[in-house]
Amino acid sequence: MRNVRRVAAGTVGAMALMGALTGCLFTTEGDAEARAPEPPKLGGKGTACELPVRFSVEKSWKAKAVDSAVQEQIGPLARQGPVTIVCELDAKPAGHIGFIRVLTGTKGAAAPGGGSRALMRAFVADENFASHVRLREVKAGDLPATEASYDVADLSAGEVRPVRALAVMTGRGGVVIELGGLDAEEHKAMLPAFRLAKKSLEKNGGKNGGKNG
């Protein structure tokens, strides 16, 4: 019996020692996730959409560039005011029905040297059936920006959908980031993704210019 206890004690001690020596070699899944490098911001070189700006994307959202062929295919839907859609982030993989669109332009109110408020006014003015428009000057990352919230009447669905949009100016022209969704409930559920983009926004090279006016 005494020998059995000695063997058991020896085994336990060896296991404890082995754990102490090798514990640093193993990590839990949570530790691995915590140490994993953050993915590059969307908009940078080599990402799905190369843009005048870059920003962080909510987990599971899927970004896809909208090239000139697609722009021609969807016609007027590709443009709003002085900007044209160049990137779309689909929320479906994250369990939502909606998207974030990125639109850019270099002419009119989107021309370099202009102001984000003038750009946003031109963008909203070209929206069909927009109401309850509210504009406010904000910071998007460290950039001066104009944020808009408004409602759009969807006549085919017989309902009103809220929209949120953000306009910034860069040395390469104006950029609008717009959040749209199936309905008010989906819009609310996707707001964190819009806020993340706003908080993390920065320019891709060039001067830090741009103004609100």
Side-chain angles (χ1 to χ4, degrees), residues 28-67 70-71 74 77-78 80 83-104 116 119-120 123-124 127 134-152 154 159-170 172 174-205 210:
T28 64
E29 185 176 344
D31 291 335
E33 290 181 357
R35 296 178 186 177
E38 291 187 6
K41 290 185 175 182
L42 180 68
K45 189 174 182 179
T47 61
C49 305
E50 296 187 13
L51 307 165
V53 296
R54 57 181 180 263
F55 55 88
S56 299
V57 177
E58 192 79 10
K59 186 177 181 181
S60 297
W61 284 60
K62 183 70 173 177
K64 184 173 76 170
V66 180
D67 59 22
V70 176
Q71 292 167 1
I74 61 180
L77 295 177
Q80 186 167 330
V83 289
T84 301
I85 182 171
V86 293
C87 185
E88 185 171 273
L89 289 77
D90 189 0
K92 195 172 297 181
H96 304 297
I97 303 176
F99 51 83
I100 287 177
R101 297 192 304 160
V102 183
L103 305 94
T104 63
S116 61
L119 171 57
M120 184 58 78
F123 180 78
V124 176
E127 177 71 84
R134 296 176 293 279
L135 302 183
R136 51 196 172 277
E137 311 313 317
V138 299
K139 281 284 191 180
D142 290 329
L143 305 179
T146 300
E147 186 172 346
S149 54
Y150 54 94
D151 296 328
V152 174
D154 188 338
E159 62 183 19
V160 175
R161 297 183 291 101
V163 177
R164 189 78 62 96
L166 185 74
V168 297
M169 297 301 302
T170 77
R172 294 160 57 187
V175 179
V176 175
I177 299 174
E178 179 199 34
L179 172 68
L182 178 67
D183 52 32
E185 185 177 351
E186 287 289 350
H187 178 83
K188 183 177 180 180
M190 295 185 296
L191 275 175
F194 178 84
R195 292 178 180 136
L196 175 61
K198 173 183 171 183
K199 179 181 178 181
S200 61
L201 193 72
E202 57 188 13
K203 289 184 182 178
N204 261 330

Heavy-atom side-chain contact between [X] and [Y] under 4.5 Å:
| X | Y | result |
| --- | --- | --- |
| I85 | Q80 | no |
| M169 | L119 | yes |
| L201 | L166 | yes |

Gap between atom [atom2] of [Y] and atom [atom1] of [X] - 0.5 Å precision:
| X | Y | atom1 | atom2 | result |
| --- | --- | --- | --- | --- |
| E137 | E147 | CD | CD | 10.5 Å |
| H96 | E186 | NE2 | CD | 6.5 Å |
| K188 | L179 | NZ | CG | 14.0 Å |
| R164 | L191 | CZ | CG | 5.0 Å |
| M190 | E58 | CE | CD | 11.5 Å |
| F194 | K199 | CZ | NZ | 14.5 Å |

Show the numbers, then the answer: is there a side chain to side chain contact (heavy atoms under 4.5 Å, CB included) between C49 and E88? CA-CA 9 Å; C49 305; E88 185 171 273; over 6 Å; no
From CA spacing to verdict: side chain to side chain contact (heavy atoms under 4.5 Å, CB included), S116, L143: CA-CA 10 Å; S116 61; L143 305 179; over 6 Å; no
How close do [X] and [Y] get, heavy atom to heavy atom, and via which atoms?
| X | Y | result |
| --- | --- | --- |
| S56 | S200 | N-OG, 2.8 Å |
| V83 | G174 | CG1-O, 4.3 Å |
| G181 | R161 | O-CD, 3.3 Å |
| A63 | L89 | CB-CG, 4.0 Å |
| V168 | P144 | CG1-O, 3.9 Å |
| Y150 | F123 | OH-CE2, 3.6 Å |

State whether K45 and E50 are salt-bridged, where the test is any N-O pair (Lys NZ or Arg NE/NH1/NH2 against Asp/Glu carboxylate O) under 4.0 Å. no
Are there more than 12 heavy atoms of other residues, nucleotides or ligands under 6.0 Å from atom CD of E185? no
Are any side-chain N or O atoms of [X] and backbone N or O atoms of [Y], one a donor and one an acceptor, separated by less than 3.5 Å?
| X | Y | value |
| --- | --- | --- |
| N204 | G43 | yes |
| K62 | P93 | no |
| H187 | P162 | yes |
| Q71 | A78 | no |
| E202 | D142 | no |

Could you go through the side chain to side chain contact (heavy atoms under 4.5 Å, CB included) check for E178 and E127 one step at a time? CA-CA 12 Å; E178 179 199 34; E127 177 71 84; 4.0 Å; yes
